[in-house]
Every structure is written in C-alpha cells, then in structure tokens.
J.: 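Sharing a structure below in structure tokens format, with a few things to ask.
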Amino acid sequence: MAVTRNDVLEKLRTRVEALKATWTGLPLVIEYDNLASVNTSTQQHPYLCVSMVFLDGFQVDLSASPGHRVLGAIVIEAKAKEGSGNKAQNSLLDHFYRGVHMTDTLTPLRTYAARFSSKPAFDGWTTQAAIIPFWYDSLP
C-alpha cells in the first residue's frame with residue numbers, strides 16, 4: 001500500500017502528543033512543521049519544535065510497480081531563553097527523543113539512534129536538538 005508523507009507526519013505527531021501527555025515538567029508548547037508557531041516574544045518557558053526533513057529515496061525492487069524507500073531525519077529541538085541554562089532543554093530532549101528513536105512501533109516509520117546537536121543563540125533563544133534518522137517504505 002502506498003504510504004504518503006502525511007501518513008508518517010501524522011504518526012510522528014501522534015507519538016509526540018502521547019509523550020506530551022506524560023510530561024510532568026513545566027507547561028509545554030510544541031511547535032510542529034509549518035503549523036502554528038510559538039510567539040517567542042511572549043513565550044516564557046522552554047518549548048519544543050518537531051519537524052521531519054525528507055532527505056533521500058530510492059527504488060526498493062525491480063518489479064513493474066517498484067516500491068520506494070524514503071529516508072530522512074526527525075528533528076526535535078528544545079528551545080530555552082538565553083541565559084536560563086540547559087537543564088530544562090536536556091530534560092525535554094531526554095523525555096521526547098527516547099520515545100521516538102530506535103523503534104519500529106511507528107509503523108510504517110522506522111527510526112535509528114538519535115544524534116545530537118546545538119545551535120548558537122538566536123533572537124534570545126538557545127537550541128539543543130536530537131536528530132533521528134528515519135526510513136519508511138511506500139509500496140504500490
């Protein structure tokens with residue numbers, strides 16, 4: 001069955017929202033790819049940005065109607081006000097990336113182990129990120 005990009009985006013959002021329901025820290029806002037953005041001028045607490053970056057793909061077989069393997073990365077960014085330390089960011093990442101990486105329970109989405117990154121402060125906010133490679137097959 002053909003799997004669409006929207007199918008996997010919805011699987012990811014469903015998982016992240018389930019993880020949000022188990023979050024016991026500060027009030028949490030999550031910004032998703034191309035959905036309502038967090039107003040950083042009024043936001044007081046750390047927040048998450050979750051997106052999927054589609055990077056590559058290839059044909060998986062030689063049949064008349066070949067399948068397609070799609071590759072990419074899930075990016076979970078924990079953002080905090082500059083100068084507030086990174087304890088809250090680390091807690092957010094620890095809670096959320098573990099529920100998304102190295103799993104095949106987001107069928108058809110499959111994920112590998114997370115890698116980590118940070119960005120320089122921008123507009124008064126710092127970013128710590130978990131980057132989780134993924135793949136899924138879209139079969140005819």
Side-chain angles (χ1 to χ4, degrees):
M1 174 172 134
V3 175
T4 67
R5 292 161 58 115
N6 284 331
D7 292 338
V8 295
L9 286 165
E10 208 44 52
K11 282 287 189 175
L12 176 62
R13 283 189 197 114
T14 300
R15 173 61 60 92
V16 170
E17 288 298 317
L19 290 165
K20 180 181 177 183
T22 63
W23 173 251
T24 58
L26 297 167
L28 182 59
V29 176
I30 300 176
E31 178 179 296
Y32 291 99
D33 225 355
N34 202 26
L35 290 176
S37 296
V38 171
N39 183 344
T40 55
S41 65
T42 59
Q43 180 69 22
Q44 295 300 311
H45 302 292
Y47 67 96
L48 280 183
C49 293
V50 177
S51 60
M52 292 183 90
V53 180
F54 293 87
L55 298 169
D56 201 0
F58 57 88
Q59 183 174 323
V60 294
D61 59 54
L62 297 174
S63 70
S65 299
H68 184 217
R69 178 158 293 167
V70 178
L71 306 158
I74 297 165
V75 181
I76 301 174
E77 297 178 314
K79 299 193 176 255
K81 285 194 171 195
E82 191 173 11
S84 64
N86 61 6
K87 183 177 180 181
Q89 288 170 298
N90 289 335
S91 295
L92 281 169
L93 284 181
D94 284 343
H95 182 77
F96 283 88
Y97 94 84
R98 288 187 174 128
V100 177
H101 86 141
M102 296 192 311
T103 187
D104 63 357
T105 61
L106 295 167
T107 307
L109 194 59
R110 306 285 197 259
T111 61
Y112 297 106
R115 294 161 172 90
F116 300 94
S117 175
S118 58
K119 292 181 183 176
F122 177 76
D123 207 19
W125 291 82
T126 63
T127 303
Q128 298 291 326
I131 302 161
I132 303 164
F134 72 82
W135 65 271
Y136 68 88
D137 287 339
S138 184
L139 304 174

J.: Do any pairs count as a ring-ring contact (aromatic ring centres under 6.0 Å, His included) and have a residue in residues 56-81, sequence neighbours left out, and if so which ones?
T.: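 Every candidate ring-ring contact (aromatic ring centres under 6.0 Å, His included) pair involving residues 56-81 fails, so no pair, neighbours aside, qualifies.
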J.: Could you walk me through whether W125 and Q43 pass the side chain to side chain contact (heavy atoms under 4.5 Å, CB included) test, one step at a time?
T.: CA-CA 10 Å; W125 291 82; Q43 180 69 22; 3.7 Å; yes
J.: Going by the angle between their ring planes, with limits at 30° and 60°, are F96 and W23 parallel, tilted or perpendicular?
T.: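 Answer is tilted, since the angle falls between 30° and 60°.
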J.: Who are the side chain to side chain donor-acceptor pair (under 3.5 Å) partners of D137, not counting sequence neighbours?
T.: R69
J.: Measuring from L12:CG to S51:OG, what's the distance to the nearest 0.5 Å?
T.: 9.0 Å
J.: Taking side chain to side chain contact (heavy atoms under 4.5 Å, CB included) as the definition, give me every residue that meets it alongside T4, ordered by chain and number, with sequence neighbours left out.
T.: N6, D7
J.: Please work out which of the three classes, parallel, tilted or perpendicular, describes the rings of Y97 and H101, given edges at 30° and 60°.
T.: perpendicular
J.: Of all heavy-atom pairs between P108 and V8, which one has the smallest distance, and what is that distance?
T.: CG-CG1, 4.1 Å
J.: Is the shortest heavy-atom distance from the side chain of S118 to the side chain of T126 under 4.5 Å?
T.: no
J.: Going hydrophobic residue to hydrophobic residue with side-chain gaps under 4.5 angstrom, can you get from L55 over to V60?
T.: no
J.: If every non-hydrogen atom of Y32 is compared with every non-hydrogen atom of E17, which pair is closest and at what distance?
T.: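 So the minimum-distance heavy-atom pair works out to OH-OE2, 2.7 Å.
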J.: Provide the closest heavy-atom pair for I131 versus P133 in the form atom of the first, atom of the second, distance.
T.: O-CD, 3.5 Å
J.: Please walk me through it: do K20 and L48 pass side chain to side chain contact (heavy atoms under 4.5 Å, CB included)?
T.: CA-CA 10 Å; K20 180 181 177 183; L48 280 183; over 6 Å; no
J.: Are V70 and L106 connected into the same hydrophobic cluster when the rule is that any two of I, L, V, M, F, W, Y join if their side-chain heavy atoms are below 4.5 Å apart?
T.: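 Same hydrophobic cluster.
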J.: When rounded to the nearest 0.5 angstrom, what distance separates NE2 in H45 from CG in L92?
T.: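 Answer rounded to 0.5 Å: 11.5 Å.
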J.: Could you work out the complete set of other residues in the hydrophobic cluster of L26, with links drawn between I, L, V, M, F, W and Y side chains under 4.5 Å apart?
T.: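 None; L26 is a cluster of one.
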J.: Enumerate, atom names and distances included, each donor-acceptor pair closer than 3.5 Å involving a side-chain atom of residues 72-83, sequence neighbours excluded.
T.:
{"unit_1": "E77", "atom_1": "OE2", "unit_2": "K119", "atom_2": "NZ", "d": "2.7"}
{"unit_1": "K79", "atom_1": "NZ", "unit_2": "T127", "atom_2": "OG1", "d": "3.1"}

J.: Suppose we screen for salt bridge (charged side-chain N to carboxylate O under 4.0 Å, His left out). Which residues come up paired with R110, at least two apart in sequence or across chains?
T.: none
J.: Show the nearest heavy-atom pair for residues S37 and E31, with the distance to one decimal.
T.: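 For S37 and E31, the tightest heavy-atom pair comes out as CA-OE1, 3.3 Å.
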J.: Minimum heavy-atom separation for K11 to T107, with atom names?
T.: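 Taking every non-hydrogen atom into account, CE-O, 2.9 Å.
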J.: Using a 6.0 Å cut-off, check whether atom CG of N34 has over 12 heavy atoms from anything other than its own residue.
T.: no
J.: Rounded to the nearest 0.5 Å, how far does CE of M52 lie from CG of D33?
T.: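 Between D33 CG and M52 CE, I get 9.0 Å after rounding to 0.5 Å.
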J.: Please lay out, stage by stage, how T22 and H95 fare under the test side-chain hydrogen bond (donor to acceptor under 3.5 Å, both in side chains).
T.: CA-CA 9 Å; T22 63; H95 182 77; 3.1 Å; yes
J.: Do you know the tightest heavy-atom contact between A130 and A114?
T.: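 So the two residues come closest at CB-CB, 4.5 Å.
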J.: Among the clusters formed by ILVMFWY side chains lying less than 4.5 Å apart, do L28 and L93 turn up in the same one?
T.: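 Shared cluster, yes.
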J.: Please evaluate residues V50 and V100 with respect to the criterion side chain to side chain contact (heavy atoms under 4.5 Å, CB included), reporting the C-alpha separation (whole Å), side-chain torsions for both, the decisive distance (0.1 Å), and the verdict.
T.: CA-CA 11 Å; V50 177; V100 177; over 6 Å; no
J.: Should F54 and L109 be counted in the same cluster of Ile, Leu, Val, Met, Phe, Trp and Tyr side chains packed under 4.5 Å apart?
T.: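 F54 and L109: one cluster.
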J.: Is there a path of hydrophobic side-chain contacts, each under 4.5 Å between heavy atoms, that joins Y47 and V16?
T.: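 Not linked; separate clusters.
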J.: Kindly compute the distance separating OH (Y112) from CD1 (I132), expressed to the nearest 0.5 Å.
T.: 13.5 Å
